[in-house]
**Q** 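Can you keep this structure in mind? I'll have questions shortly.
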Amino acid sequence: MPAACLAVMTLLLTAPCADAATEVKIGAERRMSFNDGWKFFKGEAPGAEVPAFDDSKWTDLTLPHDWAIGEPFDRTLNPHTGALPAFGTGWYRKSFTLSDSAKGRYFSIEFDGAMSNAHVWLNGQELGSRPYGYISFAFDLTPYLHFGVAPNVLAVRLTPEDHSSRWYPGAGIYRNVWLTVTGPVHVAHWGTYVTTPEVGAEKSSVSVKTEIRNRQ
């Protein structure tokens with residue numbers, strides 16, 4: 001076999017294969033699970049928010065995920081929080097595609113809980129941060145999304161601190177993640193507020209306030 005052909009074959013055999021992005025199929029539902037198809041790395045990973053970053057050697061997983069419960073107990077750590085290393089730095093990345101037919105829809109990402117000091121990027125653009133780990137938070141994805149064959153890369157960096165709680169706090173994206181899909185006119189995220197201004201044995205009243213957004 002000619003040397004040139006041999007060299008080409010060697011290149012093809014040793015070149016790393018990129019993981020395929022998850023295709024997100026948009027149906028009639030407003031809210032859909034976004035737990036599948038994530039990658040995880042425990043430690044510092046400079047540049048991991050950039051879409052071209054190589055995460056091929058990261059761990060594949062499905063959320064929810066707690067990185068500390070897979071580690072061994074350490075007697076030198078706080079026993080009141082499980083003596084587990086629920087601190088440090090962890091990265092999560094998810095690559096996904098949206099078809100051209102999804103253009104004109106509006107997308108947001110909601111985390112039920114991520115421990116903690118979360119920073120979130122989409123396609124290299126920082127969406128925002130959330131220091132507290134016990135409550136949900138959401139970001140609008142729409143301005144930075146790609147449609148068609150170009151993949152979207154969502155990156156999350158977490159840096160939970162040692163001695164941050166009186167009990168075991170968890171670590172990582174330890175609750176569900178959701179993708180919300182709407183049209184230009186929709187009920188705002190957390191836009192429904194229900195109260196009972198009057199409650200009695202004979203009569204009660206319920207007040208419902210709803211915020212409607214129009215992005216046309």
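Treat the numbers as computed from the prediction; the structure is a model and nothing was measured. Just the heavy atoms: all of them, side chains too, but no hydrogens, waters or symmetry mates, feed the values below. We're numbering straight along the sequence, starting at 1.
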**Q** List for me each residue that meets ring pair (Phe, Tyr, Trp, His ring centres under 6.0 Å) alongside Y132, sequence neighbours excluded, and say none if there are none.
**A** Y134

**Q** Can you measure from OG (S56) to NZ (K39) and round to the nearest 0.5 angstrom?
**A** 7.0 Å

**Q** Which residue pairs satisfy the salt bridge (charged side-chain N to carboxylate O under 4.0 Å, His left out) criterion with at least one member in residues 168-179, sequence neighbours excluded?
**A** none

**Q** Are L141 and I26 grouped together when hydrophobic residues (ILVMFWY) are joined by side-chain heavy atoms under 4.5 angstrom apart?
**A** yes

**Q** Does any pair with a residue in residues 195-206 pass salt bridge (charged side-chain N to carboxylate O under 4.0 Å, His left out), and if so which ones, sequence neighbours excluded?
**A** none

**Q** According to a 4.5 Å side-chain heavy-atom criterion applied to Ile, Leu, Val, Met, Phe, Trp and Tyr, with indirect links allowed, do V50 and F96 form part of one hydrophobic cluster?
**A** no

**Q** If you measure from CZ on F139 to CG on L154, what distance do you get to the nearest 0.5 Å?
**A** 10.0 Å

**Q** Look at the side-chain heavy atoms of Ile, Leu, Val, Met, Phe, Trp and Tyr, link any pair under 4.5 Å apart, and say whether M115 and Y168 land in one connected group.
**A** no

**Q** For the hydrophobic clusters of this structure (ILVMFWY residues joined by side-chain heavy atoms under 4.5 Å, transitively), does one cluster hold both F147 and V149?
**A** no

**Q** When you look at R213 and E211, which way does the salt bridge (Lys or Arg N to Asp or Glu O under 4.0 Å) test go after all the steps?
**A** CA-CA 7 Å; R213 291 188 175 178; E211 178 186 354; 3.2 Å; yes

**Q** Which other residues end up in the same hydrophobic cluster as W58, if Ile, Leu, Val, Met, Phe, Trp and Tyr are linked when side-chain heavy atoms come under 4.5 Å apart?
**A** F41, F53, W91, W121

**Q** With side chains defined as the heavy atoms from C-beta onward, is the minimum distance between L122 and V153 less than 4.5 Å?
**A** no

**Q** Which residues pass the side-chain contact (heavy atoms from CB on, under 4.5 Å) test with V185, not counting sequence neighbours?
**A** I212, N214, Q216

**Q** With rounding to the nearest 0.5 angstrom, report the CG to NZ distance, L98 to K25.
**A** 13.0 Å

**Q** Could you note down all residue pairs passing salt bridge (charged side-chain N to carboxylate O under 4.0 Å, His left out) where residues 76-92 supplies at least one of them, sequence neighbours left out?
**A** none

**Q** What pairs meet the salt bridge (charged side-chain N to carboxylate O under 4.0 Å, His left out) rule with one or both residues in residues 68-95, with sequence neighbours excluded?
**A** D55-R93

**Q** F111 and ring pair (Phe, Tyr, Trp, His ring centres under 6.0 Å): which single residue from Y174, F137, Y92 fits?
**A** F137

**Q** With T89, which residues qualify under side chain to side chain donor-acceptor pair (under 3.5 Å), at least two apart?
**A** E44

**Q** Answer yes or no: is there a side-chain heavy-atom contact under 4.5 Å between P151 and H146?
**A** no

**Q** Which atom names give the shortest non-hydrogen contact between T97 and A21, and what distance separates them?
**A** CG2-CB, 3.8 Å

**Q** Can you tell me how far apart CG (N152) and CG (N123) are? Round to the nearest 0.5 Å.
**A** 4.5 Å

**Q** Restricting to ring pair (Phe, Tyr, Trp, His ring centres under 6.0 Å), what partner residues turn up for Y144, sequence neighbours left out?
**A** none

**Q** Pick out which of E126, E49, R130 makes a side-chain hydrogen bond (donor to acceptor under 3.5 Å, both in side chains) with H119.
**A** E126

**Q** Tabulate below the donor-acceptor pairs under 3.5 Å that side-chain atoms of residues 100-108 make, not counting sequence neighbours, or state none.
**A**
unit_1: D100; atom_1: OD1; unit_2: G148; atom_2: N; d: 3.4
unit_1: S101; atom_1: OG; unit_2: S99; atom_2: OG; d: 2.7
unit_1: Y106; atom_1: OH; unit_2: R215; atom_2: O; d: 3.2

**Q** So does T159 get a backbone contact from the side chain of N117, meaning a donor-acceptor N/O pair under 3.5 Å?
**A** yes

**Q** Check the pair W38 / V156 against side-chain contact (heavy atoms from CB on, under 4.5 Å), numbers first and verdict last.
**A** CA-CA 10 Å; W38 288 83; V156 182; 4.2 Å; yes

**Q** Using every non-hydrogen atom in the two residues, find where T22 and G37 come nearest and quote the distance to one decimal.
**A** OG1-CA, 4.2 Å

**Q** List the steps, then state whether side-chain contact (heavy atoms from CB on, under 4.5 Å) holds for E161 with S116.
**A** CA-CA 8 Å; E161 301 170 357; S116 58; 5.7 Å; no

**Q** Scan for ring pair (Phe, Tyr, Trp, His ring centres under 6.0 Å) pairs involving residues 175-204, sequence neighbours excluded, and state none if there are none.
**A** none

**Q** Does F40 share a hydrophobic cluster with F87, counting links as ILVMFWY side-chain heavy atoms below 4.5 Å and allowing steps through other members?
**A** no

**Q** What do the steps show when you test T195 against V206 for side-chain contact (heavy atoms from CB on, under 4.5 Å), and what is the final call?
**A** CA-CA 6 Å; T195 59; V206 176; over 6 Å; no

**Q** What distance separates L145 CG from D140 CG, expressed to the nearest 0.5 Å?
**A** 8.5 Å

**Q** D66 and G170: which non-hydrogen atoms are nearest, and at how many Å?
**A** OD2-CA, 3.5 Å

**Q** Using the test side-chain contact (heavy atoms from CB on, under 4.5 Å), find all partners of N35 that sit at least two apart in sequence or belong to another chain.
**A** S33, T62, L63, P64, N176, V177

**Q** CZ of R30 to OG1 of T182: how many Å apart, nearest 0.5 Å?
**A** 6.0 Å

